[in-house]
Amino acid sequence: MSGRYQAPKGVSEYFPPRSNIFAFVGQKLTAPALAAGYELIELPIFEDTELFTRGVGESTDVVSKEMYTFEDRGGRSITLRPEGTAGVMRAVIEHNLDRGQLPVKLHYRGPFFRAERPQAGRYRQFYQFGVEAIGLNDPFIDAEVIGIAYQGFKSLGLNNFKLEITSLGDSDSRAAHRTDLVKYISGLKLDEETKVRAEKNPLRLFDDKRAEVKAFMKDAPLLLDYLNAESQENFANVQSALQSIDIPFEINPHMVRGLDYYTGTTFEFVHSGLGAQSGIGGGGRYDGLMQTLGGQDLSGIGFGLGIDRVILAMEAEGVVPSDLKYIDLYVIPLGASFRTAAFEMVNRLRQHGFVVEQSFGDRGLKGAMKAADKSGARFSLVLGEAEISSGSAELKDMSSGESVSVTLSALASTLAEKVKASNKA
RNA sequence: GUGGGCGUAGCUCAGCUGGUAGAGCACCCGGUUGUGGUCCGGGAUGUCGCGGGUUCGAGCCCCGUCGCUCACCCCA
């Protein structure tokens with residue numbers, strides 16, 4: 001309130017101590033992807049606007065009203081990426097990543113942008129972690145991709161979420177269903193805006209939160225009932241693959257995804273502690289996307305999950321680790337003439353791999369100890385005249401308050417033992 | 001785009017039917033000539049979001065405006 005400048009409306013920002021959670025979450029979510037051989041792809045946060053209008057679909061809300069689009073100095077229409085998959089496909093096609101072994105397995109992380117009215121868990125700049133497996137259509141790959149998200153959530157300590165899956169089938173199944181669904185909807189008394197929405201994509205009505213619309217849709221024909229034999233078998237195989245690695249799920253035949261490119265297996269992770277925006281991640285298979293964007297006719301599957309919402313979910317569940325800022329040792333030089341010795345010692349210990357902070361300035365011992373306490377350091381050490389002349393110092397365990405005398409020349413090895421011992425405790 | 005709630009200290013908030021602004025936490029110093037967390041003492045901090053109006057007098061009432069927030073549509 002005091003400064004003149006404010007962050008733009010609706011952005012999520014992370015600064016200490018909460019930024020430690022952000023870093024932690026990113027690392028934990030990435031680990032299962034790396035364990036499955038999904039390598040990093042780092043892409044621009046802006047692309048040609050047409051990539052999204054063609055890839056994501058003109059009829060989607062994302063494209064029709066939520067994109068940050070502007071003209072660059074060369075008169076090109078540029079858009080800040082609203083989602084990750086289209087950009088990944090562009091890069092795969094452009095750089096011929098699909099010429100070798102398939103599937104191409106990639107993961108990404110970074111900021112995304114949608115010009116919506118912000119609310120709890122919904123931001124104009126938000127962060128996603130995502131994974132794509134491109135080039136093979138195999139139920140086990142579907143299950144692997146879903147499993148990567150699932151393991152990531154679990155490794156963060158989350159429990160109050162569930163996985164919902166469905167299948168959108170192939171294009172024939174969808175066409176047959178759509179005909180019946182449109183017929184059904186045409187018999188409903190809907191307001192104009194909703195009718196327009198239904199014309200663009202009748203499936204969207206399944207996702208409406210309004211009670212009267214829900215009541216209307218109760219007896220609507222379900223896409224799942226229209227799957228042909230091949231799609232049915234594929235969906236059954238995905239389910240048994242998930243069961244084989246103990247991933248619980250529910251089938252939600254009403255599930256709708258907001259992006260037009262999904263086909264076949266689609267899924268969503270929802271969390272119960274978040275307010276209105278309960279989705280913490282979602283994704284699915286996309287059969288036509290790559291060809292639409294000018295590449296080969298390859299199928300792919302992927303997900304995007306919201307890091308901001310994952311953090312909110314962890315906070316709601318109370319599973320945020322308390323020791324995310326970790327410091328082994330806090331060094332306190334006592335007296336101006338010992339600052340250089342302390343500075344050298346701190347530097348040497350850091351090169352040994354320890355996380356070390358020191359006090360600066362000329363605050364008194366009490367103030368410096370207070371700072372050591374606040375820092376969360378496990379051990380502290382005062383370096384003054386007595387220590388320099390005797391060559392030994394008191395290494396103090398900050399949680400127990402006890403200290404032991406250590407020889408300065410052997411500090412690194414003593415500290416290593418101590419840290420190891422306190423890790424076990 | 002539509003609707004509700006809220007803007008007071010760094011943070012969380014109190015402030016009665018209008019009488020000139022407070023608490024807790026955090027921060028700094030000291031009680032202890034070289035050892036933190038508890039305790040005790042002391043200290044700094046506000047254009048009460050902004051602009052206008054009513055009034056002898058506005059944090060409080062009225063109008064406008066900006067911002068934040070939650071929800072709808074929709075989505076991570």
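Proteins get letters first, then strands, A, B, ... in listed order; numbering begins at 1 in each. As the structure is a computational prediction, the values presented were derived from the model and not from experiment.
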Can you measure A:R122 atom CZ to B:rC75 atom C1' for me and round it to whole angstrom units? 7 Å
I want to verify a distance call: between B:rA76, B:rC27, B:rG67, whose nearest atom is closest to the A:L259 side chain? B:rA76
Is there, by distance only and without an angle test, a donor paired with an acceptor across the side chain of A:E116 and the base of B:rA76 below 3.5 Å? yes
Opposite nucleotide pairing with B:rA58, Watson-Crick or G-U, both atom distances under 3.5 Å: none
Do A:E387 and B:rG34 share a donor-acceptor pair, side chain to base, under 3.5 Å? yes
Expressed as a whole number of Å, how far does the C1' atom of B:rG41 sit from that of B:rC50? 41 Å
List the atom of A:E317, the atom of A:N160, and the distance in Å for their closest heavy-atom pair. OE2-N, 2.8 Å
At under 4.0 Å between heavy atoms, what does A:K366 touch on the DNA or RNA strands: base, sugar-phosphate, or nothing? base
Can you tell me which nucleotide in B:rU35, B:rA26, B:rG34 comes closest to the side chain of A:K374? B:rA26
So what does A:A372 touch, heavy atoms closer than 4.0 Å: a base, only the sugar-phosphate, or nothing? nothing
Indicate yes or no for a side-chain donor-acceptor contact from A:K105 to the backbone of A:A36 under 3.5 Å, with no hydrogens or angles considered. yes
Determine whether a donor-acceptor pair (N or O, by modelled atom type, separation under 3.5 Å) exists between the side chain of A:S167 and the backbone of A:F235. no
Only pairs with both distances under 3.5 Å count, Watson-Crick or wobble alike; so what is the partner of B:rA44 in this structure? none
Examine distances only and state if a side-chain atom of A:R124 and a backbone atom of A:E116 form a donor-acceptor pair shorter than 3.5 Å. yes
Are there more than 12 heavy atoms of other residues, nucleotides or ligands under 6.0 Å from atom CD of A:E94? yes
Record whether the side chain of A:R114 comes under 3.5 Å of the base of B:rA76 through a donor-acceptor pair of N or O atoms. yes
Rounded to the Å, how far apart are A:E164 CD and B:rA76 P? 13 Å
Proximity to the side chain of A:Q119 - top-ranked nucleotide from B:rA71, B:rU35, B:rA76: B:rA71
What is the distance, to the nearest angstrom, from the CD atom on A:E13 to the P atom on B:rC68? 11 Å
Tell me which nucleotide among B:rA76, B:rG34, B:rC70 gets nearest to the side chain of A:L365. B:rG34
For B:rC60 and B:rG18, measure between their P atoms and round to the nearest Å. 11 Å
Could you state the CG-P distance from A:L395 to B:rG36, rounded to the nearest angstrom? 16 Å
Counting the atoms with a prime plus P, OP1 and OP2 as sugar-phosphate, which does A:Y123 contact under 4.0 Å by heavy atoms, base, sugar-phosphate, or nothing? base
Could you measure between the two P atoms, the one in B:rA58 and the one in B:rC73, and give it in whole Å? 45 Å
Under 5.5 Å between ring centres and under 30° between planes: does that hold for A:F126 against the base of B:rA76? yes
Once you apply a heavy-atom cut-off of 4.0 Å, does A:S380 come out as touching a base, just sugar-phosphate, or nothing? nothing
Compute the ring centroids of A:Y226 and A:H177, then answer whether they are less than 6.0 Å apart. yes
Integer angstrom distance from the P of B:rC13 to that of B:rG51: 25 Å
Please give the distance between the P atoms of B:rC6 and B:rG42 as a whole number of Å. 38 Å
Report the residue (A:F269 or A:D397) whose heavy-atom-nearest nucleotide on RNA chain B is the more 5′ of the two. A:D397
Tell me whether the side-chain N or O atoms of A:Q277 pair up with the base of B:rC75 as donor and acceptor below 3.5 Å, since no angle test is needed here. yes
Answer with yes or no after comparing the ring centroid distance for A:F129 and A:Y108 against a 6.0 Å cut-off, counting only values under it. no
Looking at the base of B:rC73, is there any donor atom on it, or on the side chain of A:R204, that sits under 3.5 Å from an acceptor on the other one? no
Quickly work out the A:D260 CG to B:rC75 P distance and round it to whole Å. 10 Å
Which residue lies more 5' along RNA chain B, comparing A:V256 with A:A7 via nearest heavy atoms: A:A7
Classify A:K9 by what it touches in the nucleic acid, base, sugar-phosphate, or nothing, heavy-atom distance under 4.0 Å. sugar-phosphate
Using a 4.0 Å heavy-atom cut-off across all strands, classify A:E83 as base, sugar-phosphate, or nothing. nothing
Just checking A:I280: base, sugar-phosphate only, or nothing, at a heavy-atom cut-off of under 4.0 Å? sugar-phosphate
Identified pairing partner of B:rC68, criterion: Watson-Crick or G-U wobble below 3.5 Å: B:rG5
Base, sugar-phosphate alone, or nothing: which one does A:A368 contact when heavy atoms must sit under 4.0 Å apart? nothing
Please state whether the base of B:rG36 and the side chain of A:K396 form at least one donor-acceptor pair under 3.5 Å? yes
When you compare the side chains of A:D170 and A:S173, does any donor N or O come within less than 3.5 Å of an acceptor on the partner? yes
Please give the nucleotide sitting opposite B:rC25 as a Watson-Crick or G-U wobble pair, both distances under 3.5 Å, or none. B:rG10
Would you please indicate if the ring centroids of A:Y68 and A:F46 are separated by under 6.0 Å? no
Nucleotide nearest A:A276 when distance is taken to its side chain, options B:rC27, B:rA71, B:rU35: B:rA71
If you measure from the C1' atom in B:rC11 to the same atom in B:rC27, how many Å do you get, rounded? 11 Å
Calculate the interatomic distance between A:L312 atom CG and B:rC70 atom C1'; express it in whole Å. 14 Å
Which is true for A:G121 with a 4.0 Å heavy-atom rule: it touches a base, it touches only sugar-phosphate, or it touches nothing? base
Whole-angstrom distance between B:rC61 and B:rC16, as gauged at atom P: 9 Å
Say we look at B:rU33 and B:rU45: how far apart would their P atoms be, to the nearest angstrom? 30 Å
Between P of B:rC75 and OH of A:Y261, the distance in whole Å: 12 Å
NA contact type, A:R117, heavy-atom cut-off 4.0 Å: base, sugar-phosphate, or nothing? base
With heavy atoms under 4.0 Å as the rule, sort A:G367 into base, sugar-phosphate or nothing. nothing
Measure the distance from NZ on A:K370 to C1' on B:rU32 and round it to the nearest whole Å. 14 Å
